Undergrad: 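Structure incoming, see below.
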Amino acid sequence: MSTSVLIVGGGLVGTSSAYFSAREGLNVTLLEQKHVGYGASGRNPGFVWLHCRNPGWALDISLKGRALYDQLREDLPVPFEFRADGGLIYFYDERQEQVFKEFVAARQADGLDMSLIDGKEVKSLVGPIRDDVVGASFCANDAQINTPTVVAALAAGARAEGATLREGITVSKLIFSGDRIIGVETNEGNFFADKVVIASGAWTEKLMRASGIEVPIGRERLQVMATKPLPPQIKPVVYGPNATKTYSLFKNLPSWDDALFHSQIEEETGYSLLTLAAQRANGEILLGCPMDYPSEVDLFPSLDGLKALAEDIMGDFPGLRKVGIDRVWAGVLPFTSDMVPVLDEIAPGLVVAAGHVFGNSAGPMSGKLISQLLTGAKPDLDMTAVRWNRELDPVIPGASVNW
Ligand SMILES: Cc1cc2nc3c(=O)[nH]c(=O)nc-3n(C[C@H](O)[C@H](O)[C@H](O)COP(=O)(O)OP(=O)(O)OC[C@H]3O[C@@H](n4cnc5c(N)ncnc54)[C@H](O)[C@@H]3O)c2cc1C
């Protein structure tokens, strides 16, 4: 009999773990509380963002993850939306240029295909942006996915390889025999297996706490708006200057100065703004993202968050001031204190695969690494950085973090 595996969570990490594990001949059942793609993976605007990935494990898995998409496009039984048009961070204050010059030089040294482009070029790539844009860092390694379509394709791939995916099943507790996990309790009764993989993203801390295990994975809420479908006008995935403040890489540059990147809207609203825009194949433009830190997973956008988002976008993208808004939503992103996930067997048979800040580049590849862990195969990456026994700070509800 092949090893039986229960996977908890149907996001990028869970569906990919199911796909690669079933492909290796394991007997896989995935349990998802709502529907596949219900969590962060179904709610994010799709940046495959190598631009700001910290050197080391984060950049290594992102480069491998970016390449894996080419393979998945060939191997999965249904197509998903993928665009390799790069990504940029624009700026419109000439005093910020030195920071961007240093950033581009540092990233080139890290091996990324990065350049500084001028305002004219930015305008040609991002139609609705403000006319006084000065320039941008541009990274050709960045790409864009329509994330729900990737999760759906991975789920289809898992099913085609023989995995069972069960939706509407909430895991409430883990079942142990001694120190070995043997199954899980759910609203549909108990499920038993040789191994259990916890891929429940931002819900992980709460789920594990119910079984007496502390897993320090925090929660960051991001709010998004989607316009009605519009003619093509934004090619790459686009960040604004406010987004730089979220990244330690920027803040550690010699010429970094908080005052240079001050935002009146952030000061007034209390939200950090990850200013972003990305246009999907159907023409809708996704806009984001005010960020805060709820003490529980909170999937509702707030009026003051949406106001901050609208004001920020209207300032930077005057061409979008009058466009129709089709939908708004929020999602919750998981994170650890060192910004890389936990991918490890933390007790006999119990594997944690959670804490992904940048799941679009790392999620599918994490699933492949999990299948290697489950089968005992040599991992494609050194796993030291994502071990359970490393030092992780506890989660402090409400405290902001840099990625
Ligand atoms: C608005 C937003 C924007 C983002 N932008 C980007 C971006 O541009 N690029 C990028 O790389 N990353 C981005 N992220 C982060 C990215 O979405 C995550 O890293 C990634 O989706 C994590 O995948 P996951 O499978 O670990 O978690 P999830 O996709 O959250 O999946 C976890 C699943 O587990 C299920 N679950 C939870 N508890 C239980 C339970 N008890 N029983 C059964 N099922 C359960 C949930 O319903 C959920 O479907 C963004 C996140 C958000 C919210």
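In this chain, numbering begins with 1 at the start of the sequence shown. Start at 1 and go down the list; that is how both ligands and their atoms are numbered. Bear in mind the structure is a predicted one, so any value in this text is a computation, not a measurement.
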Undergrad: Do any nitrogen or oxygen atoms of ligand 1 lie under 3.5 Å from a protein nitrogen or oxygen, and which ones?
TA:
| from | atom 1 | to | atom 2 | distance (Å) |
| --- | --- | --- | --- | --- |
| ligand 1 | 8 (O) | Phe47 | N | 3.1 |
| ligand 1 | 9 (N) | Phe47 | O | 2.8 |
| ligand 1 | 9 (N) | Asn360 | ND2 | 3.0 |
| ligand 1 | 11 (O) | Gly359 | N | 3.3 |
| ligand 1 | 11 (O) | Asn360 | N | 2.8 |
| ligand 1 | 17 (O) | Ala40 | O | 3.4 |
| ligand 1 | 17 (O) | Asn44 | ND2 | 2.8 |
| ligand 1 | 19 (O) | His356 | O | 2.6 |
| ligand 1 | 19 (O) | Gly359 | N | 2.8 |
| ligand 1 | 21 (O) | Ser41 | N | 3.1 |
| ligand 1 | 21 (O) | Ser41 | OG | 2.8 |
| ligand 1 | 23 (O) | Ser41 | OG | 3.2 |
| ligand 1 | 25 (O) | Leu12 | N | 3.2 |
| ligand 1 | 25 (O) | Val13 | N | 3.1 |
| ligand 1 | 29 (O) | Ala40 | N | 3.4 |
| ligand 1 | 29 (O) | Ser41 | N | 2.9 |
| ligand 1 | 29 (O) | Ser41 | OG | 2.5 |
| ligand 1 | 30 (O) | Ala40 | N | 3.0 |
| ligand 1 | 41 (N) | Val171 | O | 2.9 |
| ligand 1 | 42 (N) | Val171 | N | 3.0 |
| ligand 1 | 44 (N) | Gln33 | N | 3.0 |
| ligand 1 | 47 (O) | Glu32 | OE1 | 3.4 |
| ligand 1 | 47 (O) | Glu32 | OE2 | 2.7 |
| ligand 1 | 47 (O) | Gln33 | NE2 | 2.8 |
| ligand 1 | 49 (O) | Glu32 | OE1 | 2.7 |
| ligand 1 | 49 (O) | Glu32 | OE2 | 3.3 |
| ligand 1 | 49 (O) | Gly39 | N | 3.3 |

Undergrad: Of all residues at least two apart in sequence or in a different chain, which pass the salt bridge (Lys or Arg N to Asp or Glu O under 4.0 Å) check with Arg390?
TA: Asp338
Undergrad: Could you give the side-chain donor-acceptor pairs of residues 52-59 under 3.5 Å, partners two or more places apart or in another chain?
TA:
| from | atom 1 | to | atom 2 | distance (Å) |
| --- | --- | --- | --- | --- |
| Arg53 | NH1 | Trp49 | O | 3.0 |
| Trp57 | NE1 | Asp382 | O | 3.0 |

Undergrad: Can you confirm if the aromatic rings of Phe91 and Tyr239 lie within a centre distance of less than 6.0 Å?
TA: no
Undergrad: Side-chain donor-acceptor pairs under 3.5 Å in residues 156-172, sequence neighbours left out?
TA:
| from | atom 1 | to | atom 2 | distance (Å) |
| --- | --- | --- | --- | --- |
| Glu167 | OE2 | Val36 | N | 2.7 |
| Ser172 | OG | Glu185 | O | 3.3 |

Undergrad: If we ignore angles and hydrogens, is there a donor and acceptor under 3.5 Å between the side chains of Gln144 and Asp85?
TA: no
Undergrad: Would you find a donor on one side and an acceptor on the other, under 3.5 Å apart, between the side chain of Asp110 and the backbone of Leu112?
TA: no
